[in-house]
Structure formats: structure tokens, C-alpha cells
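Not measured: the values here are computed from a predicted model. For the numbers below, each heavy atom of this structure counts, side chains included, while hydrogens, waters and symmetry mates do not. Convention: sequence-line order gives letters A, B, ...; per-chain numbering from 1.
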Amino acid sequence: MQIATWNVNSIRTRLDQVKDWLLAHPQVELLAVQETKVTDADFPTQPLQALGYHVYSWGQKSYNGVAFISKRELTAVKRGFTSILPCPPHWDEQKRVIAGFLDDILIVNLYCPNGSAIGSDKYTYKLQWFQVLREYLQELQKEQERIILCGDFNVALTDLDIHDPTGRESKIMASDAERSVLQSILDLGFVDILRQFHPEPGQYTWWDYRSGAFRRNWGWRIDYHFVSLPLVPRVQDVWIDPAPRRLPQPSDHTPVILCC
DNA sequence: ATGGCAGCTGGAAGCTGA
């Protein structure tokens, strides 16, 4: 089965593209979307149900928001950190986390903070948010060993994941502190699985809207599937589909698909 | 160094994203 992740940058603006992509990829059992930018009440659930999908959303007005679009019902869907982890409730004011079971696999769909600029309050929030995520995952690991993390992590793990890493230390998404905290997530026992299949450069999932970045292939890889160690042998392939990024009025991200 | 592009809100221009 295929499990995909895609930061759609507004589900309402991108609804037709999402529907077309799902129809063109019937093998995709579950699509995890991020940056839906809409409350659950206003999520376009009905048009997706009409295509035969189940929808599980966790959103807010204007910003953030995550959702699962699934061919089959998910079980034990949990929204936010506090559904799992006893942490201060303000960590769930921004809707960035939803998790649920597909068969015996726990899928965790994440929209990690951007960070704005190094040294900013948002950057501090980003680093702290990853620490909370780490505690949340440790809590999940007490009950479950088959876990797939997917989504927009807003961090490029290595220089291979950036078209031009020059000066990356002074920019968000590739600073040492961001890489370090994301590596600490992987060190819990997860594998950046795309690299098992594509160790070569040029594997990008996001291109800036500005400066003709996509045309010039000035990309970054910031969207991932992180697979827990016991699941690694079950993964058959992982790849990036650049096609939606070529469409008129695209998201600035493009889907990543895992087949297991 | 800065802006560039896009979406959302509210009904203009500012915030946020990455």
C-alpha cells in the first residue's frame, strides 16, 4: 500500500489538484496533508467523501492545520500533543499534529513550525516544539513499535537536501540547531527512508514561489517519511512526485509517496 | 542586504510562510 504526504498550502485552494492527484494515484491508501489553513467545520470533507475517502482533520483558521484523507477508516485517531502527552495545553493552540492507525501501523502526520528567522521568537518556538514532539513520540513508543512519521518538517537534514547549502548556517531550515533537534527525533529509532532508495542529490520536495526557483530547480527536501526500525524491512520504495509542482497555481511543496 | 511569490483576512495592507 502507498502512504503519501503533501503540504498543500491551503486545502480549499488546492482541492481540485488534490482530487485529481488522488484519482490519478488510486494505489495511494492514505494521503497526509499539511497547511490546510481551515477549521474542521469548513474543511472540504464532503467532496472528498464523494470520491470514497474518509477525512480526519485538525485545523484552525488561516494558519497550520493537518488532515488524513484515507481510503479506509483509520482507528484511534488522536489530535494534538495533549491527546497523548501530559504537556501544557498551549502546545495545541497551533494545529500541527494528528495520528491514527492504518492496519497495524501508527501514522503520525506533522506540520512542524517554520521558525521565521534565526534568533526570532518563532525560531525559539520551533526548537522547543521539536522537544515536545520528541517527548510525544517517546510516549507513543511505549505502546507501539510500528510508526511512520510523515509531513513537512521544515528542516533540511543534510547539505545533500539543499540545492545550494552556501550560508545555510545563518538561515532557517538548515541551521545546526534545527538539524540537531531533528536528528534527536531520528535517534529515537527512525530512518529517513527516502535516502535508502535515493541517495543521489536533487531529491527536493519544496521550491520557493519566488525567483523562478522551480524552473531553476533551486529546491530543498524538507518533507519526509521517517520509519521506525521494525518497519524498515517492509518498505518497498519511496519517491517524490514533482508533477503537481508544475501545475498552474501549485502548492510550493510536492507529494512524497511511500510504498510498503 | 533585500525582494521576489502566494494565501488568508477583511474589505487595505499586513501577517505568515520557507
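- As rounded to the nearest Å, dC15(B) and dG3(B) have P atoms that lie 14 Å from one another.
- Spacing of C1' atoms, dT16(B) relative to dG4(B), comes out at 16 Å, to the nearest Å.
- Using P as the reference atom, dA6(B) and dG10(B) are 23 Å apart when rounded to the nearest Å.
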Short heteroatom pairs, N/O only, protein and nucleotides 3-9 of chain B, under 3.5 Å:
| unit_1 | atom_1 | unit_2 | atom_2 | d |
| --- | --- | --- | --- | --- |
| dG4(B) | N7 | Arg210(A) | NH1 | 3.1 |
| dG4(B) | O6 | Arg210(A) | NH1 | 2.6 |
| dG7(B) | OP1 | Arg14(A) | NH1 | 3.1 |
| dG7(B) | OP1 | Arg14(A) | NH2 | 3.4 |
| dG7(B) | O3' | Ser10(A) | OG | 3.4 |
| dC8(B) | OP1 | Ser10(A) | OG | 2.4 |
| dC8(B) | OP1 | Thr13(A) | OG1 | 3.4 |
| dC8(B) | OP2 | Thr13(A) | OG1 | 3.2 |
| dC8(B) | O3' | Ser62(A) | OG | 3.4 |

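- In this structure Thr254(A) satisfies the side chain to side chain donor-acceptor pair (under 3.5 Å) test with no other residue, sequence neighbours excluded.
- When each of Asn64(A), Asn9(A), Asn109(A), Asp152(A) is tested with Gln34(A) by the rule side chain to side chain donor-acceptor pair (under 3.5 Å), just one qualifies, namely Asn109(A).
- Going from atom CD of Gln94(A) over to atom C1' of dC15(B) covers 13 Å, rounded to whole Å.
- Considering only residues two or more places apart in sequence or on other chains, Phe226(A) meets the ring pair (Phe, Tyr, Trp, His ring centres under 6.0 Å) condition with Phe153(A), Tyr224(A).
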Contacts under 3.5 angstrom, residues 50-59 of chain A side chains, donor-acceptor by atom type, not counting sequence neighbours:
| unit_1 | atom_1 | unit_2 | atom_2 | d |
| --- | --- | --- | --- | --- |
| Tyr56(A) | OH | Leu74(A) | N | 3.0 |
| Ser57(A) | OG | Asp40(A) | OD1 | 2.8 |
| Trp58(A) | NE1 | Val97(A) | O | 3.3 |

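- Asn64(A) comes within contact range of no nucleotide atom at all, as no heavy-atom separation falls under 4.0 Å.
- Heavy-atom distances under 4.0 Å link DNA chain B to Asp152(A), Asn154(A) of residues 149-168 of chain A, given in residue order.
- Atom P of dT2(B) sits at a distance of 24 Å from the matching atom of dA13(B), rounded to the whole Å.
- Note on residues 239-258 of chain A: no pairs pass salt bridge (charged side-chain N to carboxylate O under 4.0 Å, His left out), not counting sequence neighbours.
- Within 4.0 Å of Tyr111(A), counting heavy atoms only, lie sugar-phosphate atoms of the nucleic acid but no base atom.
- Separating the CD atom of Gln34(A) from the C1' atom of dT16(B) is a distance of 17 Å, rounded to the nearest angstrom.
- Contact annotation for Lys122(A): backbone-only contact, meaning every heavy-atom pair under 4.0 Å involves sugar-phosphate atoms and none involves a base.
- By the side chain to side chain donor-acceptor pair (under 3.5 Å) test, Thr166(A) is found to be paired with Asp164(A), residues two or more places apart in sequence or in another chain being considered.
- Trp206(A) has its CH2 atom 9 Å from the C1' atom of dG17(B), to the nearest Å.
- Take His198(A) and apply the side chain to side chain donor-acceptor pair (under 3.5 Å) test, not counting sequence neighbours, and it matches Glu200(A).
- By the side chain to side chain donor-acceptor pair (under 3.5 Å) test, Thr124(A) pairs with no residue at all, sequence neighbours left out.
- For Trp21(A) and Trp6(A), the ring centers are positioned less than 6.0 Å apart.
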